[in-house]
Amino acid sequence: MLALYDTAARGVRSLDVGQDRLFRLYVCGPTVYELPHVGHGRALLVYDVLRRYLEGRGVPVRHVSNVTDVDDKIIARALSEGETPEAIAARYEEEWWAASDRLGVLRPSSAPRATEYIEEMVGLIAELVAARVAYEAPDGVYLETGKVSDYGLLTPQALADLRAGARVETVAGKRSPLDFALWKLAKPAEPAWPSPWGAGRPGWHTECVVMALDLLGEDFDLHAGGTDLRFPHHENERAQASALGRGFARHWMHHEMVNAAGGEKMARSAGNFTTLTELLDEVDPRAYRLLVLRAQYRQPMEVSPAALADATAGLARLDALARRLLAPGGSAPGGSGSGGSAPGGIAADPAVLERFGACLADDLDTPGAAAVLFDAVRAANAAADAGDNETAAGLARAVEAAAAWVGLPLRGGRAEVPEAIQELVARRERARTARDFAAADRLRDELARAGWAVEDTPAGSLVRPSSA
RNA sequence: GGCGGCGUGGCCGAGUGGUUGAGGCAAGGGCCUGCAAAGCCCUGUACAGCGGUUCGAUUCCGCUCGCCGCCUCCA
């Protein structure tokens, strides 16, 4: 029912999922110190699709995703903007959820903040110190990675090589460059919490372990995040659990990054989008979802104005199908021939949904699933052209259901049409009936300038906002 | 420097050791339409280069070139 590439196993492996057991998912969330960018959007969408796939299969999912609200970058931002770190974190967390909502991403079951877990983190660090896998240095407490027997599970390269080439930051008292901070002693004016080692704040890698174990328990099903988190973040997370003999993630999933057009750096001046917030102001959020779906999650993906335009066009094709074959009664073109709304009671074509689901189950092959979707669109339109409304309706219903499954609601319904626009449409209809096509075309131009597109169908003229 | 990944038609993007190359966008031709729009039908000498393995490679192996990521900021 689901196979995913597992970073630890370095291959695609089946996951143990079923309707009778809770699927426990942990996704690394954001550090809230700036506006989310398009890459964050991809991350949100990839795991949203995974979750919707499972839930659509009837699998209950507990989805935990943290919010890092205490961190060096937040502190730096606060200093540069003359605000408190708390205010910075609160503001950008709000922006994060706003963008997530606009994308139509389901909120996690739990979204704990790091600052809500300080005591638990101190407790875990104390355990690590007691187990002698962590030690105190002048500026904090470090985990001694050399004492974790399976350190490097997620990291293909030999740790010796890794040590050799890396920028090595010399920290007095650190026993190995690979050792990482569990607790950072506070400098003056920095946010601080009490601890047995002095006032300070937790290192970044500890919150996820503590939250995952607390909210999901040991041996949870899947831990996910961007490839950039594979090392050191995820390696270090699991090192802590491993050092204490706790079972951690059974499966590790990493999605690839987003690139700008042609390797160009994303910049507003280049006409690219940099923040997700900006992007969502410019394009239909569903178009970005479709763009993300059309790339496999383990492949880098390009986000450019051209790519977004492409996705927008594809989305318009889906919406056009919904408009033609799924629109509720009323002004929908009815009857036989080239149009007709779906006859009631027609079920979604099961073969389409089956093929669609099979693609998703196969390492989240969303490009394949999209191909199934668009195949069905063509078949539905062809059936409708041939007057086979029953087949057309079944296929259209399947398209609608499949798209909705991955969080892509289609817009087939008539938009609210202002009275003035309706009047222009009516006048144009009268002109056409009178075969005064010059007048009809002038009215169509007028509607276009007002942002409305007209389509003449056997059942009458339809208008819609020209952007849709 | 080390490690990993990628290079498929105008663009995006799947996929496969073998007579017939998913899907989308764009383009050209046709049908439909008063004209459009939407839709349908048709149209594409692709797999970076060079070697190797093989009866046969785009698909496996090696090398070269190019691009990208990671090597304790990072989705």
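Reckoned from all heavy atoms, side chains included, excluding hydrogens, waters and symmetry mates. Throughout, protein chains are lettered first and strands after them, A, B, ... in sequence-line order, and every chain is numbered starting at 1.
Every residue was checked against the side-chain contact (heavy atoms from CB on, under 4.5 Å) condition with A:Ala448, not counting sequence neighbours, and none meets it. Considering only residues two or more places apart in sequence or on other chains, A:Asp284 meets the salt bridge (charged side-chain N to carboxylate O under 4.0 Å, His left out) condition with A:Arg286, A:Arg411. Listed by chain and residue number, A:His37, A:Trp96 satisfy the ring pair (Phe, Tyr, Trp, His ring centres under 6.0 Å) test with A:His40 (two or more places apart in sequence, or in another chain). Listed by chain and residue number, A:Phe180, A:His233 satisfy the ring pair (Phe, Tyr, Trp, His ring centres under 6.0 Å) test with A:His205 (two or more places apart in sequence, or in another chain).
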What string of B, S and - do you get for nucleotides 23-31 of chain B, 5' to 3', when a contact is any protein heavy atom under 4.0 Å?
SBB------
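A:Glu93 has a carboxylate O that lies under 4.0 Å from a charged side-chain N of A:Arg113, or vice versa, which qualifies the two as a salt bridge. With salt bridges taken as basic N to acidic carboxylate O contacts below 4.0 Å, one links A:Asp456 and A:Arg432. For the pair A:Glu455 and A:Arg323, the salt-bridge criterion is met [side-chain N within less than 4.0 Å of a carboxylate O].
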Using Watson-Crick or G-U wobble pairs with both distances under 3.5 Å, give me RNA chain B in dot-bracket, 5' to 3', with [ ] for crossers and | for pairs to another strand.
(((((((..(((.....[....))).(((((.......)))))....(((((..]....))))))))))))....
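In this pair, A:Tyr151 and A:Phe231 present their aromatic rings perpendicular. The plane angle is above 60°, beyond the 30 to 60° band.
Counting non-hydrogen atoms under 4.0 angstrom, A:His205 reaches nothing in the nucleic acid. Nucleic acid contact class of A:Asp441 (heavy atoms, under 4.0 Å, all strands): base. Nucleic acid contact class of A:Arg442 (heavy atoms, under 4.0 Å, all strands): none. Counting non-hydrogen atoms under 4.0 angstrom, A:Ala382 reaches the backbone sugars and phosphates but no base. Using a 4.0 Å heavy-atom cutoff across all strands shown, A:Glu235 reaches no nucleic acid atom at all. The residue A:Asn236 sits apart from the nucleic acid: no heavy atom pair falls under 4.0 Å. The residue A:His255 sits close to a base: some heavy atom pair falls under 4.0 Å.
Minimum atom distance to the side chain of A:Leu229 is reached by B:A75, of the listed B:G69, B:C71, B:A75. The side chain of A:Asn381 lies closest to B:C40, out of B:G69, B:C6, B:C40. You'll find that the side chain of A:Glu302 is closest to B:C12, out of B:C35, B:A14, B:C12. Among B:G34, B:A75, B:A37, the nucleotide with an atom closest to any side-chain atom of A:Glu455 is B:A37. For A:Phe437, the listed nucleotide lying nearest its side chain is B:G34; candidates were B:A38, B:G34, B:C35. For A:His37, the listed nucleotide lying nearest its side chain is B:A75; candidates were B:C71, B:A75, B:G39. Nearest nucleotide to the A:Phe231 side chain, out of B:G4, B:C35, B:C71: B:C71.
Taking atom C1' in both B:A75 and B:C31, the straight-line distance is 48 Å, to the nearest Å. Taking atom C1' on both nucleotides, B:U8 is separated from B:G13 by 9 Å, rounded to a whole Å.
Heavy-atom distances to RNA chain B give each of A:Gly368 and A:Asp71 a nearest nucleotide, and the one nearer the 5′ end belongs to A:Gly368. If A:Cys28 and A:Pro300 are placed on RNA chain B by their nearest nucleotide, the residue sitting closer to the 5' end is A:Pro300.
The number of heavy-atom neighbours closer than 6.0 Å to CD of A:Glu94, taken from other residues, nucleotides and ligands shown, is 12 or below.
One side chain, A:Gln240 or A:Thr206, offers a donor N or O that lies under 3.5 Å from an acceptor on the other.
With hydrogens and angles ignored, no donor-acceptor pair under 3.5 angstrom links the side chain of A:Asp385 to the base of B:C32.
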